[in-house]
Each structure stands twice: as C-alpha cells, then as structure tokens.
Amino acid sequence: YDHPNGSSSLTKFPDIICGTPEHQALYIAGIMATLFYGVGFFTVCLMANFVAPAWSLSVPHFTQYWRFLLYRFRVNRWYWGSVLMV
C-alpha cells in the first residue's frame with residue numbers, strides 16, 4: 001500500500017519499504033528460492049521421466065519413488081507426467 005510520504009510497502013509487512021536495501025535482499029532471496037526449489041524440482045522430475053524406461057527395470061523401487069509422476073499413465077506413455085507439470 002502507499003504511505004503518506006509516497007513510499008510503498010506490503011499491507012502485511014508495512015515496515016519493509018519497497019526499494020530499500022532490506023527489500024532488495026528479500027527480493028533476491030525469493031528469486032533464489034524459487035529457482036532452487038521450483039525449477040530444481042521440475043528439472044529433477046524431468047530427468048526422472050527421461051530415464052524412467054531404463055531405470056524402472058534396473059533400479060529397485062524406482063517406480064515407488066516416482067509414483068506421483070508415473071502411476072496415472074499407461075506404461076508406453078510414461079512421459080505425460082512431465083507434460084502435465086508444464
């Protein structure tokens with residue numbers, strides 16, 4: 001929201017003014033967390049989907065670990081988990 005002096009902040013955290021060094025640090029931390037967790041998880045899921053045909057036969061419990069990604073689809077259409085994630 002807008003303050004009377006012209007600066008702006010969030011309603012929940014009015015003590016953190018937009019554009020200050022404290023705000024920039026939190027902004028960068030938020031971008032890094034999104035990249036690390038969001039993009040990282042998506043990348044690992046894509047890799048698991050890519051190797052699923054080979055590893056499901058050779059790695060014990062592979063299909064149990066990645067059940068959320070594989071179980072909805074037929075065996076010959078395992079890759080649709082990645083399509084739905086996009």
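Bear in mind that the values here come from a model prediction, so they are computed numbers and not experimental data. For this chain, numbers begin at 1 and follow the sequence in order.
- Crowding of Phe73 atom CZ: a count of heavy atoms from other residues, nucleotides or ligands under 6.0 Å exceeding 12.
- Residue pairs meeting the side chain to side chain donor-acceptor pair (under 3.5 Å) criterion with at least one partner in residues 14-37, sequence neighbours excluded, do not occur; the list is empty.
- Looking at residues two or more places apart in sequence or on another chain, you find a side chain to side chain contact (heavy atoms under 4.5 Å, CB included) between Phe41 and Cys45, Phe68, Met85.
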Would you be so kind as to tabulate the donor-acceptor pairs closer than 3.5 Å made by side chains of residues 52-60, with sequence neighbours excluded?
from	atom 1	to	atom 2	distance (Å)
Ser56	OG	Ala52	O	2.9
Ser56	OG	Pro53	O	3.3
Ser58	OG	Ala54	O	3.3

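- When the side chains of ILVMFWY residues are joined at heavy-atom separations under 4.5 Å, either directly or via intervening members, Val39 and Val86 end up in two distinct hydrophobic clusters.
- Ser7 pairs by the side chain to side chain donor-acceptor pair (under 3.5 Å) definition with Asn5, not counting sequence neighbours.
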- Which is it for Thr63 and Tyr71 under the side-chain contact (heavy atoms from CB on, under 4.5 Å) test, yes or no, and what are the steps along the way? CA-CA 8 Å; Thr63 54; Tyr71 83 100; over 6 Å; no
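- Closest of all the heavy-atom pairs between Trp78 and Leu70 is O-CD2, 4.0 Å.
- Evaluation of the ring-ring contact (aromatic ring centres under 6.0 Å, His included) rule for Phe36 yields no partner, not counting sequence neighbours.
- Atom CG of residue Leu84 and atom CZ of residue Arg72 lie 7.0 Å apart, to the nearest 0.5 angstrom.
- In this structure, the side chains of Ile16 and Ser9 stay at 4.5 Å or more apart for every pair of heavy atoms.
- Both Val83 and Phe42 sit in one connected hydrophobic cluster of ILVMFWY residues. Membership requires side-chain heavy atoms under 4.5 Å apart, directly or through other members.
- One distance of note links CZ of Phe13 with CG of Leu26; it measures 9.0 Å at 0.5 Å rounding.
- Evaluation of the side chain to side chain donor-acceptor pair (under 3.5 Å) test over residues 44-54, restricted to residues two or more places apart or in two chains, returns Asn49-Ser82.
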